[in-house]
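Lettering of chains follows the sequences in order, A, B, ..., and the numbering in each one begins at 1. Because the structure is a prediction, the values reported are computed rather than measured.
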Number of protein chains: 2
Amino acid sequence: MTGPGWDAIRAEVLRRIRARDWRPGEAIPTEAALAAEFGCARATVHRALRDLAEAGVVERRRKAGTRVALQPVRRATLEIPVIRAEVEARGQRHGFRLIEDRDLLPPLPVASRLGVGADRPLRRMFTLHLADGRPFLHEDRWLNPAVLPRPAPDFAAVSVNEWLVTHVPFSAGEMSFAAEGANVREARALGVDLGAPLLVTERVTRTETQAVTLVRLAYAPGHRLQMRL
Amino acid sequence: MTGPGWDAIRAEVLRRIRARDWRPGEAIPTEAALAAEFGCARATVHRALRDLAEAGVVERRRKAGTRVALQPVRRATLEIPVIRAEVEARGQRHGFRLIEDRDLLPPLPVASRLGVGADRPLRRMFTLHLADGRPFLHEDRWLNPAVLPRPAPDFAAVSVNEWLVTHVPFSAGEMSFAAEGANVREARALGVDLGAPLLVTERVTRTETQAVTLVRLAYAPGHRLQMRL
DNA sequence: GAGTGGTCTAGACCACCAA
DNA sequence: TGGTGGTCTAGACCACTCC
């Protein structure tokens, strides 16, 4: 006496939305009604509708009910591995060089984006990542030294990127992409012309209590970032 | 007689992982054991752990149990609105111009990426999207005419992008980003120099039964794509 | 095989919020 | 204030997969 699975219900609801039985903006039946129709528990319907809500297909509010999204917002997810893993996943050998590493007072824009005072020095680091010995990615980082243990790790042996990912707790943050012309450091490190189009990503990460790092990653020309829709 | 909520359990498990009570690669207790410890139903623990698995913090396999992820893969999600909505969200007025629209036999790479025969013409369309009258994005599209109704919509009145999102059922697909130098069409349409760094995204979308479209979007210089971590 | 996560049930109570 | 989704329970069976 067990009804259809939640994925079957998800599929059927999706079918009706695509078939325009339920049109964008319209309310669809309540969980209780659908459970009765499909002959299953309300929890099963709930599981299916929650999944569709996460996918952006429907919008749900208590009391207001469930509506077909007016503009089905597509969400794409990007998996961000450790850079070493990213290189090795391409079947190449990863290496890196710590180009520069010093303490520096952050300029105001950097301090404010990290939410730290501009009167305390941060660790400023430049790293070049290599794939089979060829330039892969240039990393320009401001690191809050407060997140480091004492004594601090040897970032010539383990890349900052990898150390942070494996040792600093799950944190919140933002990330953005843009295309920019290579700056002087990037051009020299990656071996490209000044102003060559590079895919650049900027990330800010924080723990609950403090800023961790602000980093600008510039990929070597031709790099494509793959996402799942 | 109701125990802690699933989010409280999620938080506690996360705390123990961050505190290295449970180290990367190690198995954590079973759902049943955690339910007993926390004094709640197994379903509640399940809800919490499923959430952590989706976030990439733990890995779960039947029989093998739940392990702390060795390399916590970060997932960033990108929301992809209709281009009109994207412009309007910036407080600007959206407009567009259909630059060119004709039927053309696809070159082999295009046909194979879409999974259609190279012997049937596709719709080739170039559209320029405007924000407050200024170039915002150049759209270079191959469209499978089989997805269109008869008579076909008037793409001079509604942008292809918007029509597809609101009329073609939820579909699977891939997406990628890169930085590329502006090509001749893009340079002319966006009003930039040939070879200027542009953020370019390519999408292929399919329904369950057929290919829909392959599109290359080139954003005007300076555009940043924001993601949530 | 047997242990683990994945799912379903029938019921209950709660939180939210539009009417 | 009542209707809706969100959650929790105690139990059951199933599916996968490691041993």
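Enclosure of atom CZ in B/Arg20 by more than 12 non-hydrogen atoms of other residues, nucleotides or ligands within 6.0 angstrom is indicated. Residue A/Arg134 places its CZ atom among 12 or fewer non-hydrogen atoms of other residues, nucleotides or ligands, all under 6.0 Å distant. In the displayed structure, A/Arg120 atom CZ is contacted under 6.0 Å by at most 12 heavy atoms of other residues, nucleotides or ligands.
To the nearest angstrom, P of D/dG6 lies 6 Å from CD of A/Glu31. To the nearest angstrom, P of C/dT9 lies 14 Å from CG of A/Leu34. Summarising the geometry, the separation between CZ on B/Arg10 and C1' on D/dC8 is reported as 19 Å, rounded to the nearest angstrom.
Within residues 45-62 of chain A, the residues that place at least one heavy atom under 4.0 Å from DNA chain C are, in residue-number order, A/Arg47, A/Arg61, A/Arg62. Taking a 4.0 Å limit (strictly below) on heavy-atom distances, residues 11-28 of chain B does not reach DNA chain D anywhere.
Applying the ring-ring contact (aromatic ring centres under 6.0 Å, His included) definition to pairs two or more places apart or across chains, none involves residues 37-75 of chain B. The salt bridge (charged side-chain N to carboxylate O under 4.0 Å, His left out) pairs that include a residue from residues 156-168 of chain B are B/Arg84-B/Glu162, where partners are two or more places apart or lie in different chains.
Aromatic ring centres of A/Phe136 and A/His223: separated by under 6.0 Å.
If B/Ala64 and A/Pro4 are placed on DNA chain C by their nearest nucleotide, the residue sitting closer to the 5' end is B/Ala64. Of the two residues contacting DNA chain D, namely A/Arg42 and A/Lys63, the nearest-nucleotide position lying further toward the 5' end is that of A/Lys63.
For B/Arg67, there are no side-chain hydrogen bond (donor to acceptor under 3.5 Å, both in side chains) partners two or more places apart in sequence or in a different chain. Under the rule for a salt bridge (Lys or Arg N to Asp or Glu O under 4.0 Å), B/Glu59 has no partner lying at least two apart in sequence or in another chain.
With C/dA18, D/dT9, C/dC8 as the choices, the nucleotide that has an atom nearest any side-chain atom of B/Thr44 turns out to be D/dT9.
OP1 or OP2 of D/dG5 lies within a sub-4.0 Å distance of a side-chain N or O belonging to A/Thr66.
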